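Keep in mind it's a predicted model, so treat the numbers as computed, not measured.
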Amino acid sequence: MQGMKPGHVPLERALSKLGIASRSKAKGLILAGKVRVNGVLRKDPFFAVIPETARIAVDEEPVTQAEPRTFMLYKPRGVITTSSDEKGRPTVFSLIQESGLHLIAVGRLDWASSGLLILTNDTRLAAELTDPASRIRRTYLVSVRGKVSESALDTLRAGLIDAGQALVAEEIVLRKSSGKESHLTVQLLEGKNREIRRMFSAINHEVTRLKRVSLGALGLGDLQPGQYRELLTEDLRLITES
């Protein structure tokens, strides 16, 4: 952040990095006078600290680095990836029965999409998985209305511009097609917001079903919608080293 010395981060971000709370919740704790740094009460969310060395306490309880834990969830359709929803819709966090963890969703699947979603309290891992430079292959099964032509697929492979963003499919395979509907496998190397839906909308085909089936070489396996499992080190290597 501009004006911060190397290694320093705002206090609200430090609490998030330590796996204590989201940045918005951390800000509330700080403003409420519940956070001390090196024994001194701090009510400025942007107070600069070094998370690895600062002695931080919340409600007089010392804060330590949370044990990194990461889960793979088979997100069902009709569930959102935010921590709460003003419409009262279920969220992915309500499906994880692990208490005391501040988890964040790595990337998003919209309300109508399903499939593999990573949730973790490891902010470094989350940053690595979402960094475009990591070029992690994301594979989706997609159904769209109408018959998709090869020329339309070539357009998606070549890339297009939508709302100032370049959208491009790394690989597209047409698995089955009729006049009514087409079924495809789509692979991306980035995860822009609603990217697949925007791509097919640009060639006049509405996405009717979208399911993410793998990240790198990590697949859903035998998980069913709504189920999850904790990932081990070797699972994470399947994502990052594939």
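Counting all heavy atoms, side chain and backbone alike, Phe93 lies closest to Leu119 at CE2-CD2, 3.5 Å. The nearest pair of heavy atoms linking Asp122 to Pro68 is OD2-CB, 3.8 Å. Residues Pro90 and Gly78 approach most closely at CG-O, 3.7 Å, considering heavy atoms. The shortest non-hydrogen separation linking Ala54 to Val37 is CB-CG1, 4.2 Å. Scanning both residues, Leu11 and Arg42, for their nearest heavy atoms gives CD2-CB, 3.9 Å.
Classification of Lys147 and Glu181 as a salt-bridged pair fails, no side-chain N sitting under 4.0 Å from a carboxylate O. Between Arg23 and Glu12 there is a salt bridge, since a side-chain N of the basic residue sits under 4.0 Å from a carboxylate O of the acidic one. We find that Asp110 and Arg194 are joined by a salt bridge, their nearest charged nitrogen and carboxylate oxygen being less than 4.0 Å apart. With respect to the salt-bridge test (charged N to carboxylate O, under 4.0 angstrom), the residues Arg55 and Glu61 do not qualify.
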| After noting the C-alpha distance and the side-chain angles of Arg157 and Asp154, does the key distance pass the side chain to side chain contact (heavy atoms under 4.5 Å, CB included) rule? | CA-CA 5 Å; Arg157 295 184 184 109; Asp154 288 340; 3.0 Å; yes
Please set out all donor-acceptor pairs under 3.5 angstrom arising from side-chain atoms of residues 158-172, sequence neighbours excluded.
| unit_1 | atom_1 | unit_2 | atom_2 | d |
| --- | --- | --- | --- | --- |
| Asp162 | OD2 | Arg198 | NE | 2.8 |
| Asp162 | OD2 | Arg198 | NH2 | 3.1 |
| Gln165 | OE1 | Arg198 | NH1 | 2.9 |
| Gln165 | OE1 | Arg198 | NH2 | 3.0 |

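Judged by distance alone, with hydrogens and angles left aside, the side-chain atoms of Asn121 form no donor-acceptor pair with the main-chain N or O of Leu103 at under 3.5 Å. Remark: side-chain polar atoms of Lys75 are paired, donor with acceptor, to backbone N or O of Val79 under 3.5 angstrom. The main-chain N or O of Arg145 is found under 3.5 Å from a side-chain atom of His205 such that the two form a donor-acceptor pair. At least one donor-acceptor pair under 3.5 Å links the side chain of Arg212 to the backbone N or O of Leu116. A side-chain donor-acceptor contact under 3.5 Å links Gln97 to the backbone of Ser94. With hydrogens and angles disregarded, no donor-acceptor distance shorter than 3.5 Å links the side chain of Asp131 to the backbone of Glu128.
The local environment of NZ in Lys192 is crowded, with over 12 non-hydrogen atoms from other residues, nucleotides or ligands closer than 6.0 Å. The number of heavy-atom neighbours closer than 6.0 Å to CZ of Arg77, taken from other residues, nucleotides and ligands shown, is above 12.
Taking NZ from Lys211 and OH from Tyr74, the interatomic distance works out to 3.0 Å, rounded to the nearest 0.5 Å. One finds the CE atom of Met72 at 13.5 Å from the OG1 atom of Thr120 (value rounded to the nearest 0.5 Å). Atom OG1 of Thr130 is separated from atom CZ of Arg108 by 12.0 Å, given to the nearest 0.5 angstrom. Taking CD1 of Ile96 as the reference point, atom CZ of Arg69 lies at 10.0 Å (rounded to 0.5 Å).
Of the N and O atoms on the side chains of Thr185 and Arg175, at least one donor lies less than 3.5 Å from an acceptor on the other residue. Residues Gln187 and Thr139 bring a donor and an acceptor atom of their side chains to less than 3.5 Å of each other. Remark: the Ser113 side chain and the Arg197 side chain contain an N/O donor-acceptor pair separated by less than 3.5 Å.
If you chain together ILVMFWY residues whose side-chain heavy atoms come under 4.5 Å of each other, Ile80 ends up grouped with Trp111.
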